[in-house]
Amino acid sequence: MATLKAVRGTRDLLPPETALWNRIEATARAVFARYNFGEIRTPVFEETSLFARGVGEETDIVSKEMYTWEDRARAASEKTQSLTLRPENTAGVVRAYIEHQLGETGQLQKLYYIGPQFRRERPQKGRYRQFYQIGAEVIGPPSAGSESPLRDAEVLEMLATLLDELGITGWTLELNSVGSSADRGRYNQALREALAPVVSQMCPDCQRRAVTNPLRVLDCKVPEDQPIIDALPRIADHLDQESERHFAAVTAALDAAYVPYRRNHRLVRGLDYYTRTTFEFTHGGLGAQNALLGGGRYDGLSEAIGGPKAPGIGFAMGEDRLALTLLAQEAAKAPLADAYVAPLGETMNAAALQLARELRHLGLWVELGEGSFRLKKSFEAADKTARQMVILGEDELQSGMLTVKNFSTGMQTKVPRAELAGFLSQPDC
RNA sequence: GCGGCAGUAGUUCAGUGGCAGAACGCCUGACUGUGGCUCAGGAUGUCGUGGGUUCGAUCCCCACCCGCCGCCCCA
């Protein structure tokens, strides 16, 4: 029988890497809380139509990357239902916003989520079929200020803070505006017209994109095509006055908050629901998957899925890539316990558990050894798992003076049991 | 989904149509309450899976699985 393994594109996260993941999530939660975001948890699966309408029927995500199945009927009278593992979380959050009539509160909703998403893509490093996203949405009725460029700037400033606090060095914020959907339609047309006379000089990929999806031409990385692309019309020149003013206000607020950004006229990508502000935080060293997070404004999404007018802005951050980036920066090494309690002889095992319990109740991180080990073996095990080792033999039990070995200083000390926890808590010197 | 490269010990990787290898790690002992250094010994394994060619396949061929790189797309 073939051995069982995690299915393609999925994986197990094990210590010590999970410690890094926990740190990432704890940092995100702490930052979000300071910006007055609350956590939302939506189901990992939803009705298929939510994603079809919210994300866009024509997008690759919906047309070929979703895990969709027909949920079977339990009774003859019940209909089957098409369900889908969520490929992203914004649609689910907006669905919940509508379902719970959060707009009726009149308040701006600031919600964040952390959880797995599912897309049936070809796996690669930093790209999995079950992947994890940390994201947030600011959404509400226009009267709550949900359309304000200040919201965009606040979210971007929060993200800059979060990446800094996570210890990501060398990130770049790329920023653009895609205007209204009407603006985008006009721009698409202008792009097609501008491409027509020059496309024959471009790479085969671009020749194909020019027909199927002209916006994708802007992503081309072939060096020879760059001068041609630079000469193409920019969406900035096709924005209506409102969108232009909105974008100017966003950048003014970013300047005031000292958030560095780079205008990227080619950043027009994104899902169907994006309007106006779009952005990406990128980082080198991730290969073709250089985006750490992406997001933008989606003023029409709620209405697209049958809800009230509820403009919003949000982002999703790839936690897998974040962990990868941090791992490359700091080479996650397993942290060490405060102490390893080594009983000397099996008869000392029970007393060792009692000692370990005492120390653990005082908040120390303690590993418990095994009395059948020879002292040499205890030392070897302790050296790998803890900063210090506490020897508990007959002598120590009788005298109440415990033997403590510090592995970084090499010092061995006799410590009264009452002072043990305090002694072990001292940092190495 | 398309194109390319790979899969051998826990890990990183050599290797050959004819006994399955190294380094590191692991275990035991030298050393019965003192680790790291040293020395001596030991175990590593369906050579990704299934077929085919062959007297014989880990090696050659085919298919599949999985990973990596790029494309598509995206976080």
Side-chain angles (χ1 to χ4, degrees), chain A residues 1-11 14 55-56 58-66 87-90 114-135 159 203-206 208-209 212-213 215-216 219-222 267 269-271 274 278-283 286-296 314-325 340 342-345 348 369 371 373-386 388-397 403-412:
Chain A
M1 186 175 112
T3 50
L4 291 170
K5 46 193 210 174
V7 305
R8 181 175 209 194
T10 69
R11 60 176 177 156
L14 306 170
V55 178
E58 303 306 318
T59 61
D60 275 29
I61 293 178
V62 171
S63 63
K64 57 187 207 196
E65 294 175 359
M66 295 202 304
E88 55 94 57
N89 218 332
T90 299
I114 297 176
Q117 320 290 336
F118 307 84
R119 285 183 208 169
R120 201 176 183 293
E121 295 182 290
R122 183 76 166 237
Q124 262 178 48
K125 200 174 193 66
R127 166 188 278 186
Y128 302 94
R129 291 184 168 185
Q130 174 173 335
F131 58 104
Y132 294 82
Q133 285 190 329
I134 299 174
L159 285 167
C203 70
D205 275 341
C206 281
R208 179 177 44 75
R209 290 169 181 144
T212 59
N213 194 349
L215 295 183
R216 289 282 79 77
D219 296 328
C220 177
K221 290 164 193 121
V222 176
L267 185 63
R269 59 205 325 186
L271 309 177
Y274 285 131
T278 57
F279 57 86
E280 262 180 17
F281 282 75
T282 59
H283 189 275
L286 281 171
Q289 284 78 49
N290 69 337
L292 283 174
L293 68 93
F315 66 87
M317 174 182 293
E319 194 173 0
D320 304 82
R321 290 184 193 175
L322 212 53
L324 209 58
T325 303
Y340 181 102
L344 226 52
M348 302 303 294
F373 291 174
R374 289 176 50 190
L375 186 57
K376 170 190 166 68
K377 182 165 170 173
S378 290
F379 261 98
E380 288 171 345
D383 196 17
K384 279 171 202 140
T385 54
Q388 302 164 98
M389 168 165 154
V390 179
I391 300 174
L392 182 63
E394 286 294 345
D395 294 352
E396 284 81 3
L397 200 63
T403 306
V404 177
K405 178 85 171 193
N406 184 307
F407 290 119
S408 55
T409 63
M411 297 275 290
Q412 187 162 310

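None of the values given here were measured: they were computed from a predicted structure. Numbered from 1 within each chain, the chains take letters A, B, ... in sequence-line order.
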Stacked pair A/Phe407-B/G36, distance under 5.5 Å, angle under 30°: no

Report yes if a donor N or O on one partner sits less than 3.5 Å from an acceptor N or O on the other, where the partners are the side chain of A/Glu396 and the base of B/G33; otherwise report no. yes

Quick check: any donor-acceptor pair below 3.5 Å linking the side-chain of A/Lys405 to the base of B/G35?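 Side chain to base: pair present.
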
[X] side chain N/O closer than 4.0 Å to the phosphate oxygens (OP1, OP2) of [N]?
X	N	result
A/Gln124	B/G70	yes
A/Arg127	B/C73	no
A/Lys384	B/G36	no

Separation of atom [atom1] in [X] from atom [atom2] in [N], rounded to whole Å:
X	N	atom1	atom2	result
A/Leu292	B/A75	CG	P	13 Å
A/Arg8	B/G1	CZ	P	7 Å
A/Phe379	B/G36	CZ	C1'	11 Å
A/Lys125	B/G70	NZ	P	11 Å
A/Leu215	B/C73	CG	P	10 Å
A/Gln412	B/G36	CD	P	14 Å
A/Glu65	B/C74	CD	C1'	7 Å
A/Asp383	B/G35	CG	P	11 Å

Taking the same atom, C1', in B/C27 and in B/U49, what whole-Å distance lies between them?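 About 32 Å, rounded to a whole number of Å.
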
Per-residue pairing states of RNA chain B in dot-bracket (Watson-Crick or G-U under 3.5 Å; . unpaired, | other strand) read (((((.(..((((....[..)))).(((((.......))))).....(((((..]....)))))).)))))....

Review item, nucleotides 2-12 of chain B N/O atoms under 3.5 Å of protein N/O:
unit_1 : atom_1 : unit_2   : atom_2 : d
B/C2   : N4     : A/Arg122 : NH1    : 3.1

Nearest to the side chain of [X], heavy atoms from C-beta on, is which of [options]?
X	options	result
A/Lys377	B/G35, B/G33, B/U28	B/U28
A/Ala291	B/A75, B/C73, B/C68	B/A75
A/Glu121	B/G67, B/G33, B/C73	B/C73
A/Arg374	B/U34, B/A30, B/C68	B/A30
A/Phe131	B/G67, B/A75, B/C74	B/A75

Return whichever of A/Arg120 or A/Gly410 has its heavy-atom-nearest nucleotide of RNA chain B closer to the 5' end. A/Arg120

First encountered from the 5' end of RNA chain B, between A/Lys64 and A/Gln133: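 Looking at RNA chain B, the more 5' nearest nucleotide goes with A/Lys64.
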
Syn or anti for B/C19, taking syn as within 90° of 0? syn

Quick one: do A/Glu380 and A/Lys376 make a salt bridge, cutoff under 4.0 Å? yes

